[in-house]
Amino acid sequence: MSYELLRLTWWALLGILLIGFAALDGFDLGAMILLPFVARSDIERRVVINTIGPVWEGNQVWFILGGGAIFAAWPMLYAASFSGFYLAMILLLGALILRPVGIKFRSKVDDPNWRRSWDWLLFVSGLVPSLIFGVAIGNLFEGVRFSFDADLRMHSTITLLSLLNPFALVVGLASLAMIALHGACWLNLKATGAVRARVYGIIPAAAIAFAVLFAIAGFWVAQLNGAHLSVPMAHDAPSNPLMKTVALIRGAWLMNFRGEPILWAAPVLAFAGALFAILLRSRPGYAFIGSALVPLGAIGTAGLSLFPFLLPSSSDPNASLTVWDASSSKLTLAIMLGAVAIFLPIVLAYTAWVYRVFKGPVKPENIVSESKSFY
């Protein structure tokens, strides 16, 4: 396989891993966001927690795989993003840590105040990652402040406040609405009784909020100065981000869509998924599939808009990282692709088996009759 094709394959794999994380761990985050609002008694809140109890650990694997893929296939992207977004990463990881701790310790003490406190911490564990992931994607379109010297040492002036710009916050809110929608469709599928009745009414609100925010972000992107390779790059040359010339052009992020109209299928899929979630919510399985199409379309739209850029720089556009100049060596990409071919089917098979074993709704009477077996 050529170096160019290996780079394209790993770009696609990175997108698949991010979509897998959003589609699978996304409903875990969404369920926790909705926890304090759709469950009003202790039993109802235990129902919500137990809908994700058997599967959240397996879903989290996709986040680890995504980070590992960036580390192995895109080391410059790993170094620039993980150091530049350091404080945001600390907030993200701190929030993600709250989820297993909250799930394990919430029911250890039979005290309403203790459990209420953990319920709100579980809410934070869903809210913060959903927002931060969206803000991070928004900043890719704005460009982040980093550069390289002649020895390829990175210099960054990124701060947490600089990441919280208006456009990125709009994308963050769109991400939050998307995850809340997915969580609501999951609870519509797995919960029963009053919890399901409440999320049934939340689905249209979350879907509409996502569609509006996604549309606003799309119109906004058209007005931004996007990165454009003014001189074509060699797709099989050794990685060196300083061997190119990048121009900032208004509306450049839509050039790929203008050149290949078929790419508009990605944003259409995101809107269609939100619509299906509303129209099919009386058939929970189909509504959940619809809500899963939303991250597929939304993340696909972002990736296709940015291509071939991975991490654009606003302070030195020529230092922007692309698919063609930020990857590992050809040998490394080939070895890692072989590992993916072996282990990804195992992860998929295990995931399918877990969902098959734990299929079916979580009912309040199960919590009462088998209290020691549930969280």
Side-chain angles (χ1 to χ4, degrees), residues 14-36 52 55-72 74-75 77-104 118-146 154 156-165 167-183 213 217 295 298-299 302-303 306 310-311 321:
L14 179 59
I16 290 170
L17 291 174
L18 292 176
I19 291 168
F21 171 69
L24 292 174
D25 204 42
F27 66 73
D28 297 335
L29 300 174
M32 294 300 94
I33 291 171
L34 298 175
L35 174 64
I52 69 167
V55 298
W56 74 264
E57 289 177 290
N59 294 340
Q60 193 77 57
V61 168
W62 292 88
F63 177 66
I64 299 169
L65 289 175
I70 295 174
F71 175 78
W74 312 102
L77 174 62
Y78 181 89
S81 60
F82 278 59
S83 59
F85 293 90
Y86 183 77
L87 289 179
M89 287 286 184
I90 291 297
L91 287 175
L92 170 66
L93 293 176
L96 288 175
I97 289 170
L98 285 175
R99 179 172 57 187
V101 175
I103 290 175
K104 296 292 184 182
W118 281 114
D119 291 338
W120 284 107
L121 288 173
L122 287 170
F123 164 75
V124 170
S125 77
L127 175 74
V128 172
S130 303
L131 188 62
I132 287 180
F133 280 123
V135 167
I137 291 176
N139 274 281
L140 297 183
F141 289 94
E142 290 276 14
V144 294
R145 300 188 304 212
F146 73 94
M154 192 193 78
S156 171
T157 58
I158 303 169
T159 65
L160 183 60
L161 290 179
S162 71
L163 299 177
L164 301 177
N165 56 77
F167 173 74
L169 288 173
V170 168
V171 179
L173 291 174
S175 171
L176 183 60
M178 176 183 76
I179 295 301
L181 169 64
H182 201 30
L213 290 165
I299 296 174
L306 290 164
L310 297 171
L311 187 65
L321 301 178

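Please read these numbers as outputs of a predicted model, since none were measured by experiment. Values reported hereafter were calculated over all heavy atoms of this structure, with side chains retained and with hydrogens, waters and symmetry mates removed.
Listed here is the closest heavy atom pair of Val170 and Leu213: CG1-O, 4.1 Å. Nearest heavy-atom pair across Ala80 and Leu321 is CB-CD1, 4.1 Å. Between Ala180 and Leu34 the shortest heavy-atom distance is O-CD1, 3.7 Å. A pairwise comparison of heavy atoms in Ile299 and Leu18 identifies CD1-O, 3.8 Å as the closest pair. Shown here for Ala217 and Val171, the closest heavy-atom pair between the two residues is CB-CG2, 4.2 Å.
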With side-chain contact (heavy atoms from CB on, under 4.5 Å) as the criterion, how do Phe27 and Ile179 come out once you've worked through the C-alpha distance, each side chain's angles and the decisive distance to 0.1 Å? CA-CA 6 Å; Phe27 66 73; Ile179 295 301; over 6 Å; no
Is there a side-chain contact (heavy atoms from CB on, under 4.5 Å) between Leu127 and Leu176? Walk through the geometry before answering. CA-CA 7 Å; Leu127 175 74; Leu176 183 60; 3.5 Å; yes
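Listed for the Asp119 side chain is no donor-acceptor partner under 3.5 Å among the backbone atoms of Pro36. Formation of a donor-acceptor pair under 3.5 Å by the His182 side chain with backbone atoms of Gly30 is not found in this model. The closest donor-acceptor contact from the side chain of Asn165 to the backbone of Ala168 lies under 3.5 Å.
The aromatic rings of Phe63 and Phe133 sit perpendicular, their planes meeting at an angle over 60°, well past the 30° parallel limit. Between Trp120 and Phe123, the angle of the ring planes goes over 60°, which puts this pair in the perpendicular group of the 30/60° scheme.
Taking OG of Ser81 as the reference point, atom CH2 of Trp74 lies at 12.5 Å (rounded to 0.5 Å). Rounding to the nearest 0.5 angstrom, the gap separating the CH2 atom in Trp56 from the CG atom in Leu24 is 14.5 Å. Put simply, CG on Asp28 and CD on Glu57 are 10.5 Å apart, with the number rounded to the nearest 0.5 Å. If you take CG on Leu77 and CG on Leu14, they are separated by 7.0 Å, rounding to the nearest 0.5 Å. The line from CG of Leu163 to CG of Leu169 is 10.0 Å long, rounded to the nearest 0.5 Å.
Phe146 has its side chain within reach of Leu311: a pair of non-hydrogen atoms, C-beta onward, lies under 4.5 Å apart.
Each of Leu29, Asn59, Ile103 was compared with Ile52 under the side-chain contact (heavy atoms from CB on, under 4.5 Å) criterion, and only Ile103 meets it.
In this structure, Phe71 has its ring center no closer than 6.0 Å to that of Phe82.
Within the structure, no pair that satisfies the side chain to side chain donor-acceptor pair (under 3.5 Å) test touches residues 124-133, not counting sequence neighbours.
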Name the atoms and distances for all side-chain donor-acceptor pairs under 3.5 Å in residues 84-100, with sequence neighbours left out.
residue: Arg99; atom: NH1; partner: Asp25; partner atom: OD1; Å: 3.2
residue: Arg99; atom: NH2; partner: Asp25; partner atom: OD1; Å: 3.2
residue: Arg99; atom: NH2; partner: Asp25; partner atom: OD2; Å: 3.3
residue: Arg99; atom: NH2; partner: Gln60; partner atom: OE1; Å: 2.2

